[in-house]
Amino acid sequence: MFDIANNTEFLTEIGINDAPDDVKAKLIAGIEGLAEKKLVNRIADIVTDEQVEQFSNITDEKQAAEWLRTNVPNFDEIVKEVFAEIKGDILQHKANVVG
């Protein structure tokens, strides 16, 4: 849903675009998992129990994205905010580790 692997701007900004493919794949998977958790937490306050039930029956990723854009006001903006938070956290911790 997020297509982080093809977002070279984001990967470059967080400093992993030139990482070996296996390392980059693991980091991307971790970022996607974190993004999904953050999105679920944000969206849980917006949708109804009935909508959660509807969404849980969707198995196709493209249909899920369409459903979210239709049923969650400002979904794309929420995604941007979540990724901005993640990028900020990564850069902050990177600075702490590197010095």
Side-chain angles (χ1 to χ4, degrees):
M1 180 185 301
F2 306 118
D3 199 25
I4 296 172
N6 293 315
N7 188 337
T8 54
E9 181 180 346
F10 179 78
L11 297 175
T12 299
E13 289 175 350
I14 63 171
I16 67 168
N17 194 47
D18 295 328
D21 288 342
D22 59 331
V23 172
K24 187 168 29 173
K26 288 179 184 177
L27 292 170
I28 289 170
I31 292 167
E32 288 175 342
L34 178 60
E36 185 176 318
K37 287 178 185 176
K38 286 179 172 274
L39 281 170
V40 166
N41 287 337
R42 296 273 298 270
I43 292 169
D45 294 333
I46 298 170
V47 297
T48 65
D49 291 340
E50 182 179 319
Q51 288 174 310
V52 170
E53 179 72 26
Q54 290 173 355
F55 184 73
S56 67
N57 292 321
I58 299 172
T59 57
D60 180 74
E61 188 173 311
K62 188 174 182 176
Q63 288 178 339
E66 289 175 17
W67 188 95
L68 288 166
R69 285 187 177 91
T70 301
N71 292 280
V72 178
N74 302 320
F75 176 73
D76 290 325
E77 186 62 35
I78 293 169
V79 170
K80 288 178 187 177
E81 291 171 4
V82 165
F83 276 96
E85 291 171 16
I86 291 171
K87 182 172 77 172
D89 289 345
I90 290 171
L91 294 176
Q92 178 183 358
H93 292 295
K94 181 179 174 181
N96 291 339
V97 171
V98 175

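Atoms considered below: every heavy atom in the structure, side chains included; atoms not considered: hydrogens, waters and symmetry mates. Predicted model only: the values in this text are computed from it and were never measured.
For the salt bridge (charged side-chain N to carboxylate O under 4.0 Å, His left out) test, residues two or more places apart in sequence or in another chain that qualify with Glu85 are Lys38, Arg42.
For the side chain to side chain contact (heavy atoms under 4.5 Å, CB included) with Phe55, the lone residue among Asn57, Ile58, Val52 that qualifies is Ile58.
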Contacts under 3.5 angstrom, residues 13-30 side chains, donor-acceptor by atom type, not counting sequence neighbours:
{"from": "Glu13", "atom 1": "OE1", "to": "Lys87", "atom 2": "NZ", "distance (Å)": "2.8"}
{"from": "Lys24", "atom 1": "NZ", "to": "Asn17", "atom 2": "O", "distance (Å)": "3.0"}

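Distance check, rounded to the nearest 0.5 Å: OG1 of Thr48 to CD1 of Ile46 gives 12.0 Å. Here the CD-CG distance, from Glu50 to Asn71, works out to 10.0 Å after rounding to the nearest 0.5 Å. A distance of 11.5 Å separates CD1 of Ile90 from CD of Gln92, quoted to the nearest 0.5 Å.
Heavy-atom neighbours of Asn74 CG from other residues, nucleotides or ligands within 6.0 Å: at or below the threshold of 12.
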**Request:** Report the C-alpha separation of Phe83 and Ile31 in whole Å, then their side-chain angles, then the decisive distance to 0.1 Å, and conclude whether the side chain to side chain contact (heavy atoms under 4.5 Å, CB included) test is met.
**Result:** CA-CA 9 Å; Phe83 276 96; Ile31 292 167; 4.1 Å; yes

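Asp60 contributes a side-chain N or O that, together with a main-chain N or O of Gln63, makes up a donor-acceptor pair within less than 3.5 Å.
With a 4.5 Å cut-off on side-chain heavy atoms, Gln51 and Gln54 count as touching. Counting heavy atoms from C-beta on, the side chains of Leu68 and Val79 never come closer than 4.5 Å.
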